[in-house]
Number of protein chains: 2
Amino acid sequence: MTRTPDSKSLAPAARKPRAVGRRPKGADNKETATVILDAAEKLFSANGFYGVTVRAVADECGVDSALVHYYFGTKQALFDAVFARRTELVNQDRMDAMTRYEEEYGDGMTVEGVATAFLMPLLDRVRHSDPGWKNYFALVGLVNNSRDWGAKTMTAHFDPVVRRFIALLQRALPDAGTEDLFFSYHFLTGALTLTLSDTGRLDRLSDGRCSSSDIEAIAPRMIEYAAAGFRAVCKPRT
Amino acid sequence: MTRTPDSKSLAPAARKPRAVGRRPKGADNKETATVILDAAEKLFSANGFYGVTVRAVADECGVDSALVHYYFGTKQALFDAVFARRTELVNQDRMDAMTRYEEEYGDGMTVEGVATAFLMPLLDRVRHSDPGWKNYFALVGLVNNSRDWGAKTMTAHFDPVVRRFIALLQRALPDAGTEDLFFSYHFLTGALTLTLSDTGRLDRLSDGRCSSSDIEAIAPRMIEYAAAGFRAVCKPRT
DNA sequence: GTCTATAACTGGATAGAC
DNA sequence: GTCTATCCAGTTATAGAC
């Protein structure tokens, strides 16, 4: 991998020289397993499953590569652990937010309100939290656009929260056809996961005027855009 | 890679047993280079750059792995050739379509019209063409959601056509702020590239009622959705 | 729990016969 | 142009000392 530091920089970052001393203990002693997960999350989000070696993960966090196997077994299991760790947390929050919103507004729900409950627990974490969350979300964006295994992974982890979202939308837009709702959701999730991927493309394209990590600017626009889109597509058809 | 046919099927398809006879010549003699590009396109789109080996590409099309190096040099160069081959073609068509639209409608351009000129040359190829185009577009979807090198690759290949698109939108929506236009474009391209990725997720989520490869159903909705979204986000702000 | 050492194998790439 | 044979760096994973 380090054999092609050439042309397009498709290669992962050159591996750091093996950390000489061990990982410093004491003051900053997150559990070793957590340290490994954080490093793996960062690298997987940038280079995907195959673009990361167990050794690169170990070197990234100054831990011996045998320890990675000690804690997680296989590389695949490490990947799965990375993906699952934060998914549970954020999906629980999204479920709760949607439940609260439905209880409060009942038959007066709006597309904006439902979308806010669905999106904000997620976008809030991108906004305030440690870089670990950003890395995790970038990984979700990458997985969501990967054929076959990517879709299977998304389905396995996100179906319940998405079905709940669509059910609420159906109540907010009683005349909407089911297919229109699914397609509209598809457009929303594409916009969302591209934002989460935070590739820097928008930044470059706009000559720095806009950034895909500027959640303060993106969140209200995403909700406005999606709500208008849903209403346009999900109107009764002839 | 074939070492983990376990859990999540994150592993690429098990390699076929080496084709015994050589690739059949005569009747079906596409150029060898083309055959290799098609195979590489298919595998890269499913598994990304690192998830594909030169040997897997060679086996996929019944060609010797040394031949892949003979024609393309490095694996990186092969990837670049795959990406560039169809990009030129489709972008030329999109440029032409936007130019024709502008010439015909001038100051009477609509968001729907501009979006149609931008999107349809691309979506038309997904609809009617050989599976090679589908594989290529899935690869674009994957690259667009990859950090760093993905964004750089997109910028290098797609910036001119996107800047042209945004310039036309600015004429169709004279009151729009530049940032609102960029963010709205960002949402559109997220929806587009998720569709192109054709991961099968929408199909599964909707229990088969909708498919991300059903372009007849998606294209009009995508244009409706995006146009409504652009108008909602790009209105004059206070 | 952590490290060293190494087994067992896969990867990209090339030299050289035909 | 095409194939065989091979080099060797880098890969996952484990056994076993501390």
Side-chain angles (χ1 to χ4, degrees), chain A residues 1-8 10-26 29-36 40 43-44 47-80, chain B residues 1-7 10-16 18-26 29-36 39-40 43-44 47-81:
Chain A
M1 234 99 277
T2 34
R3 208 180 312 145
T4 54
D6 43 40
S7 62
K8 278 261 181 50
L10 262 169
R15 187 179 309 154
K16 287 183 194 153
R18 175 64 165 272
V20 189
R22 287 148 185 78
R23 193 169 64 84
K25 287 280 181 80
N29 68 343
K30 284 194 278 189
E31 303 286 324
T32 303
T34 303
V35 169
I36 293 170
L43 296 181
F44 282 138
N47 296 105
F49 180 78
Y50 302 110
V52 175
T53 66
V54 173
R55 295 227 259 264
V57 171
D59 290 354
E60 173 72 29
C61 57
V63 143
D64 192 281
S65 76
L67 266 189
V68 177
H69 288 108
Y70 173 79
Y71 279 103
F72 295 98
T74 66
K75 178 181 168 183
Q76 179 67 61
L78 171 63
F79 183 92
D80 293 344
Chain B
M1 250 66 311
T2 35
R3 209 179 313 140
T4 54
D6 45 39
S7 63
L10 261 170
R15 188 179 308 156
K16 290 183 192 151
R18 175 62 168 279
V20 190
R22 286 148 184 78
R23 194 170 66 82
K25 287 285 181 79
N29 69 341
K30 283 196 276 190
E31 302 286 325
T32 304
T34 304
V35 169
I36 293 169
L43 296 181
F44 282 138
N47 296 104
F49 180 78
Y50 301 110
V52 175
T53 67
V54 173
R55 284 162 150 92
V57 171
D59 289 354
E60 173 72 26
C61 56
V63 142
D64 193 280
S65 76
L67 266 188
V68 177
H69 287 107
Y70 174 78
Y71 279 102
F72 295 97
T74 65
K75 178 183 171 184
Q76 178 67 62
L78 172 63
F79 183 92
D80 293 344

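The chains referred to below are lettered A, B, ... by the order of the sequence lines, with proteins before strands, and numbering in each begins at 1. The analysis underlying the following values was restricted to heavy atoms, covering all of them including side chains, and did not include hydrogens, waters or symmetry mates.
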Q: Measure the shortest side-chain to side-chain distance between Asp80(A) and Gln76(A) over non-hydrogen atoms and say whether it is less than 4.5 angstrom.
A: yes
(Q) I need the CD-P distance between Glu31(B) and dG1(D), as an integer number of Å. (A) 8 Å
Q: Would you kindly give the CD1-to-P distance between Ile36(A) and dC3(C), to the nearest whole Å?
A: 10 Å
Q.
Which residues pass the side chain to side chain contact (heavy atoms under 4.5 Å, CB included) test with Ala66(A), not counting sequence neighbours?
A. Asp64(A)
Q: Please determine, for the side chain of Ala66(A), which listed nucleotide (dT2(D), dA15(D), dA13(C)) has the closest atom?
A: dA15(D)
Q: Verify the contact: side-chain N or O of His69(A) to OP1 or OP2 of dT14(D), cut-off strictly under 4.0 Å; return yes or no.
A: no
(Q) For a 4.5 angstrom cut-off between non-hydrogen side-chain atoms, does Ile36(B) reach Thr32(B)? (A) yes
Q. Side-chain contact, heavy-atom cut-off 4.5 Å: Leu78(A) with Phe44(A)?
A. yes
(Q) Considering every strand and a 4.0 Å limit on heavy-atom distances, what is the contact class for Tyr71(B): base, sugar-phosphate, or nothing? (A) sugar-phosphate
**Q.** Atom pair distance, as rounded to whole Å: CG in Leu78(A) and C1' in dT11(D)
**A.** 15 Å
Q | Gap between atoms CD and P, on Gln76(B) and dG11(C) respectively (whole Å) | A | 18 Å
Q) When you check the phosphate oxygens OP1 and OP2 of dG1(D), does a side-chain N or O of Thr32(B) lie under 4.0 Å from one of them? A) no
Q) Sequence neighbours excluded, which residues qualify as side chain to side chain contact (heavy atoms under 4.5 Å, CB included) partners of Ala33(B)? A) Tyr71(B), Phe72(B)
Q: Give a yes or no on whether a donor-acceptor pair under 3.5 Å exists between the nucleobase atoms of dG12(C), that is its base, and the side chain of Arg55(B).
A: yes
Q. Considering only heavy atoms from C-beta outward, does the side chain of Val52(B) approach that of Tyr50(A) to under 4.5 Å?
A. no
Q.
Rounded to whole Å, how long is the line connecting atom CG of Asp64(B) with atom P of dT2(D)?
A. 10 Å
Q.
Can you measure Asp59(B) atom CG to dT2(D) atom P for me and round it to whole angstrom units?
A. 16 Å
Q. Over how many whole Å does the gap from Leu67(B) atom CG to dA13(C) atom C1' extend?
A. 14 Å
Q. Rounded to whole angstroms, how far apart are CG on Leu43(B) and P on dG11(C)?
A. 12 Å
Q.
If the helix axis at each end comes from five base pairs, how far does the helix from dG1(C)-dC18(D) to dC18(C)-dG1(D) deviate from straight, to 10°?
A. 0°
Q) Among dA13(C), dT4(D), dA13(D), which nucleotide sits nearest the side chain of Thr74(B)? A) dA13(C)
Q) Taking all atoms of both residues into account, what is the closest heavy-atom pair of Val68(B) and Ala58(B), and its distance? A) CG2-CB, 4.1 Å
